[in-house]
Every structure is written in structure tokens, then in C-alpha cells.
Amino acid sequence: MAGIKALVGLSFSGAIGLTFLLLGCALEQYGVYWPLFVLIFYILSPIPTFISRRVSDDTESSNACRELAYFLTTGIVVSSFGLPIVLARKNAIQWGACGLVMTGNAVIFLTILGFFIVFGGGDDFSWEQW
């Protein structure tokens, strides 16, 4: 039952993060949908970690595959925070929209981290079964 509660909590926090992202785009004073390109980063960010956990067998020690996956994931996350700042500096979006998008980024990436913490173990209730 604890796994279901965690899944519901992660779903709720993901919905909150996407709400911040959509508010940064769809509010009348902002009205520009360029920040939705961070959705690409949301999709790309867990892929290196999925691949490295599938390829490597040991979970205790560090290896080159896992370190490369962490490096690529960090680059993707930093890029998702950098895109709204670049758009705001070039006046493509307003700074208020940038703040809402960055708040949504933080919530979504914490949700993705929570997913890996809750479902990342090798126990009977993990994402590897899916």
C-alpha cells in the first residue's frame, strides 16, 4: 500500500509542476508558448539513468556508465533551467513567465528524483517490472 501512496504523491507533484509550466505559458499577460520546449528536457532527463541502470549490474559501486549517465542527466537538467533564462533575456518571454517555468522545472525534476528513489530499488515493487 505504501507504493500506491508514493505513486499518487508523485502523480500529484507532477501535476503541480506541469500546472506551473502551463501557467507560465497560458496566462493572459504572458501568452507565449515558447517555454513548453522544456517538455523535451522532461522526457530526455531520465533516459540516461534508465539505460545505465539496465546495463550495469552492480548497484553499490560507481562505474563509468553510471557516471556518464549522471553527467548527461545533469546537462539536461541545467539546460532546462537555462532555456527560460535565455528566452527571458532575449525578451521572447517575460520574467514572470520565466519564474513560473523555473518553479515548474524544480517541481518536475524533484518528482523524477522521487520516482527513482521510490521505485529504483531492486525490491519486489520497482519500475523494472514495467
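In this structure, Val38 is a member of the same hydrophobic cluster as Val32, with clusters built from ILVMFWY side-chain heavy atoms closer than 4.5 Å. In the hydrophobic clustering of this structure, Tyr70 does not group with Val77; members are Ile, Leu, Val, Met, Phe, Trp, Tyr whose side-chain heavy atoms approach within less than 4.5 Å, directly or through other members. At a threshold of 4.5 Å between side-chain heavy atoms, the hydrophobic network of Ile, Leu, Val, Met, Phe, Trp and Tyr places Phe12 and Phe119 in two separate groups. Ile47 and Phe116 fall within the same hydrophobic cluster, where Ile, Leu, Val, Met, Phe, Trp and Tyr residues are linked whenever their side-chain heavy atoms come under 4.5 Å apart, directly or through other members. If you chain together hydrophobic residues whose side chains sit under 4.5 Å apart, Leu68 and Val55 never meet in one group.
Between Met102 and Ile85 the shortest side-chain heavy-atom distance falls below 4.5 Å. Between Asn105 and Phe41, the closest side-chain pair of non-hydrogen atoms is not below 4.5 Å. You'll find the side chain of Leu7 stays beyond 4.5 Å of the side chain of Phe115, heavy atoms only.
The list of side-chain hydrogen bond (donor to acceptor under 3.5 Å, both in side chains) pairs with a residue in residues 10-22, not counting sequence neighbours, reads Ser13-Thr111. Annotation: ring pair (Phe, Tyr, Trp, His ring centres under 6.0 Å) contacts involving residues 71-101, sequence neighbours excluded, are absent. For residues 75-86, there are no side-chain hydrogen bond (donor to acceptor under 3.5 Å, both in side chains) pairs, not counting sequence neighbours. Pairs passing the ring pair (Phe, Tyr, Trp, His ring centres under 6.0 Å) check and including a residue from residues 15-37, sequence neighbours excluded, read Trp34-Phe37.
Under the side-chain contact (heavy atoms from CB on, under 4.5 Å) criterion, Pro48 pairs with Ala69, Leu72, Thr73, Ile76, sequence neighbours left out. With sequence neighbours left out, the side-chain contact (heavy atoms from CB on, under 4.5 Å) criterion links Leu18 to Leu21, Leu39, Tyr42, Ile108. In this structure, Ser45 has no side-chain hydrogen bond (donor to acceptor under 3.5 Å, both in side chains) partners at least two apart in sequence or on a different chain.
Here the options are Cys98, Cys25, Pro84, the test is side-chain contact (heavy atoms from CB on, under 4.5 Å), and the partner is Pro35; only Cys25 passes.
To the nearest 0.5 angstrom, Leu113 atom CG is 11.0 Å from Phe109 atom CZ. Rounded to the nearest 0.5 angstrom, Leu27 CG and Leu100 CG are separated by 6.5 Å. For the atom pair CG (Leu23) and OG1 (Thr103), the distance works out to 10.5 Å, reported to the nearest 0.5 Å.
Proximity of a side-chain donor or acceptor of Gln94 to a complementary backbone N or O of Gln29 within less than 3.5 Å is detected.
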